[in-house]
There are 2 protein chains.
Amino acid sequence: MVKNCNFIEKLRGLGLRPTKQRVKMCEVLFNREKTFHFTINDLVKMISEEMNEKISLATVYNTVHAFEKKGYLKEITINSDKSYFDTNTSVHHHFYDEDTHELIDCDENDIDPVNIKKNITGKKINSVEVLVKVASDNQNQKKLN
Amino acid sequence: MVKNCNFIEKLRGLGLRPTKQRVKMCEVLFNREKTFHFTINDLVKMISEEMNEKISLATVYNTVHAFEKKGYLKEITINSDKSYFDTNTSVHHHFYDEDTHELIDCDENDIDPVNIKKNITGKKINSVEVLVKVASDNQNQKKLN
DNA sequence: AATCTACATTATAACAATTCTAAACTGTTG
DNA sequence: CAACAGTTTAGAATTGTTATAATGTAGATT
Ligand SMILES: [Mn+2]
Ligand SMILES: [Mn+2]
Ligand SMILES: [Zn+2]
Ligand SMILES: [Zn+2]
């Protein structure tokens with residue numbers, strides 16, 4: 001799903017009919033080098049800009065959830081106002097820029113493995129994810145006060 | 001705010017009038033040994049059970065936000081469906097039980113300090129929080145398949 | 001104690017994100 | 001080319017949250 005433009009076959013392979021809406025969404029979502037983090041609204045905006053025909057909001061929700069269910073998108077919880085999604089479906093860490101509300105993926109070199117020393121009886125660990133919140137280091141602005 | 005029942009003085013000290021709604025909410029929220037994680041709905045339910053008079057939903061929202069602003073509650077983002085709040089306002093890590101949807105605080109002994117090796121130019125780190133998702137270790141259930 | 005006023009509570013409306021519904025449409029199979 | 005299951009769609013419904021504006025009240029002022 002990460003390679004080039006034959007999303008039609010890829011969708012079929014997932015048991016999803018390759019409608020033009022889905023193919024367009026694949027292009028927007030998966031035809032890129034880097035991880036993409038987005039909200040439904042971001043996505044609707046991008047699609048309507050790139051497309052001459054309009055795509056229904058319901059379809060965007062439907063398709064995002066279909067891709068999520070198939071394991072090609074992952075929901076990321078940053079803030080309870082709205083859902084974020086991520087084309088990087090692995091367990092991974094994030095930086096979150098509180099000024100720009102931008103998410104940045106970490107790779108293995110960015111954060112050392114997290115050492116969990118507690119275990120909860122009868123429970124196994126499914127994921128360990130770190131969220132690092134950053135904001136502008138406003139030394140300059142402080143001087144203004 | 002964590003001690004006993006003279007919340008009236010404590011509220012006044014914060015510049016908040018000690019109305020009976022606020023005092024009741026203090027009792028529910030802060031009269032406990034351990035950290036308390038809750039949603040607005042949890043709280044409304046608990047209050048209406050403990051109280052003979054009813055309290056307005058708007059007041060619960062107002063008061064939770066007032067306490068948050070004063071630094072006695074912290075919003076925790078677990079899931080984008082609804083907001084969670086935490087009586088532990090420090091930067092700290094959580095275990096999240098995906099079966100019971102329960103949050104458990106970590107203390108310093110539970111997780112080693114997280115070593116962040118990346119820095120983003122012009123940005124400073126405001127917080128580093130780990131979310132460990134756990135679920136029942138269902139070896140037994142697997143045998144049933 | 002009565003009055004005053006800024007702050008609080010309340011019911012309800014408004015709102016935004018998301019999900020549901022049911023009718024119209026379309027990709028696929030035979 | 002049917003026929004059918006899966007898909008899209010507009011709009012309604014639902015949910016969590018915030019705004020509004022009328023009423024109530026804590027605490028100060030007289
Ligand atoms: Mn928030
Ligand atoms: Mn969710
Ligand atoms: Zn990511
Ligand atoms: Zn906590």
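Residue numbers start from 1 in every chain, and the chains themselves are labelled A, B, ... in the order their sequence lines are given, proteins ahead of strands.
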- Query: Under 3.5 Å, is there a donor-acceptor pair between the side chain of B:Asp99 and the main chain of B:Ser136?
  - Reply: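 Yes.
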- Does B:Asn6 reach the main-chain N or O of B:Ile8 with its side chain, forming a donor-acceptor pair under 3.5 Å?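 No; judged by distance alone, with no hydrogens or angles, the pair does not exist.
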- Item | B:Ser83 side chain to A:Ser80 side chain, donor-acceptor N/O pair below 3.5 angstrom |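 A donor-acceptor contact under 3.5 Å links the two side chains.
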- Pairs counted as Watson-Crick or G-U wobble with both distances under 3.5 Å: what dot-bracket string results for DNA chain C, using | for bases tied to another strand? ||||||||||||||||||||||||||||||
Let me check something: any side-chain donor-acceptor pairs from residues 54-63 of chain B under 3.5 Å, sequence neighbours excluded? List them with distances.
{"unit_1": "B:Ser56", "atom_1": "OG", "unit_2": "B:Ala58", "atom_2": "N", "d": "3.1"}
{"unit_1": "B:Asn62", "atom_1": "ND2", "unit_2": "B:Ala58", "atom_2": "O", "d": "3.3"}
{"unit_1": "B:Thr63", "atom_1": "OG1", "unit_2": "B:Thr59", "atom_2": "O", "d": "2.8"}

side-chain contact (heavy atoms from CB on, under 4.5 Å) against [X], all qualifying residues, sequence neighbours excluded:
X        : value
A:Ser127 : A:Val91, B:Lys133
A:Glu9   : A:Arg12
A:Lys82  : A:Thr39, A:Tyr84

- Where along residues 36-55 of chain A does a heavy atom fall under 4.0 Å from DNA chain D?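 Output list: A:Lys54, A:Ile55.
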- Query: Residues in ring pair (Phe, Tyr, Trp, His ring centres under 6.0 Å) with A:Tyr96, at least two apart?
  - Reply: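 If we apply the ring pair (Phe, Tyr, Trp, His ring centres under 6.0 Å) test to A:Tyr96, skipping adjacent residues, there are no hits.
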- Message: Checking A:Phe67 against A:Phe30 for the ring pair (Phe, Tyr, Trp, His ring centres under 6.0 Å) test, could you report, in this order, the C-alpha distance in whole Å, the side-chain angles of both residues, the deciding distance, and whether it holds?
- Response: CA-CA 11 Å; A:Phe67 290 168; A:Phe30 304 117; 5.6 Å; yes
- Task: Specify the closest pair of heavy atoms between A:Thr89 and A:Gly71, including all atoms of both residues, with the distance to one decimal.
- Result: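 It is CG2-O, 3.4 Å.
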- Task: Between B:Pro18 and B:His65, just flag the one whose closest nucleotide in DNA chain D comes earlier from the 5' side.
- Result: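 This one resolves to B:His65.
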- Task: Using the heavy-atom set of chain A and a strict 4.0 Å cut-off, write down the first and last nucleotide of DNA chain C that makes it in, 5' to 3'.
- Result: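 The contact span of chain A on DNA chain C goes from C:dA17 to C:dT28.
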- Message: Closest-nucleotide mapping onto DNA chain C: is B:Lys20 or A:Thr19 further toward the 5' terminus? I mean the 5' end.
- Response: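 Looking at DNA chain C, the more 5' nearest nucleotide goes with B:Lys20.
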Please list every donor-acceptor pair under 3.5 Å in which a side-chain atom of residues 101-118 of chain A meets a protein atom from a residue at least two apart or in another chain.
{"unit_1": "A:Glu102", "atom_1": "OE1", "unit_2": "A:Thr100", "atom_2": "OG1", "d": "3.4"}
{"unit_1": "A:Asp105", "atom_1": "OD1", "unit_2": "A:His37", "atom_2": "NE2", "d": "2.7"}
{"unit_1": "A:Asp105", "atom_1": "OD1", "unit_2": "A:His92", "atom_2": "NE2", "d": "3.0"}
{"unit_1": "A:Asp105", "atom_1": "OD1", "unit_2": "A:His94", "atom_2": "NE2", "d": "2.9"}
{"unit_1": "A:Asp105", "atom_1": "OD2", "unit_2": "A:Thr35", "atom_2": "OG1", "d": "2.9"}
{"unit_1": "A:Asp105", "atom_1": "OD2", "unit_2": "A:Asn88", "atom_2": "ND2", "d": "2.8"}
{"unit_1": "A:Asp105", "atom_1": "OD2", "unit_2": "A:His92", "atom_2": "NE2", "d": "3.4"}
{"unit_1": "A:Asp107", "atom_1": "OD1", "unit_2": "A:Asn109", "atom_2": "N", "d": "2.9"}
{"unit_1": "A:Asp110", "atom_1": "OD2", "unit_2": "A:Asp107", "atom_2": "N", "d": "2.9"}
{"unit_1": "A:Asp112", "atom_1": "OD1", "unit_2": "B:Lys117", "atom_2": "NZ", "d": "3.1"}
{"unit_1": "A:Asp112", "atom_1": "OD2", "unit_2": "B:Asn115", "atom_2": "ND2", "d": "2.5"}
{"unit_1": "A:Asn115", "atom_1": "ND2", "unit_2": "B:Asp112", "atom_2": "OD2", "d": "2.5"}
{"unit_1": "A:Lys117", "atom_1": "NZ", "unit_2": "B:Asp112", "atom_2": "OD1", "d": "3.1"}

- Message: Under 4.0 Å from a heavy atom of chain B: give me the 5'-most and 3'-most nucleotides of DNA chain D that qualify.
- Response: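 Range of nucleotides touched by chain B: D:dG16 to D:dG27.
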- Which residues satisfy the salt bridge (Lys or Arg N to Asp or Glu O under 4.0 Å) test with B:Asp97, sequence neighbours excluded?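 Counting only residues at least two positions away or on another chain, B:Asp97 forms a salt bridge (Lys or Arg N to Asp or Glu O under 4.0 Å) with A:Lys123.
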- Task: Quick one: list whatever passes salt bridge (Lys or Arg N to Asp or Glu O under 4.0 Å) with B:Lys20, sequence neighbours left out.
- Result: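 By the salt bridge (Lys or Arg N to Asp or Glu O under 4.0 Å) rule, B:Lys20 matches B:Glu53.
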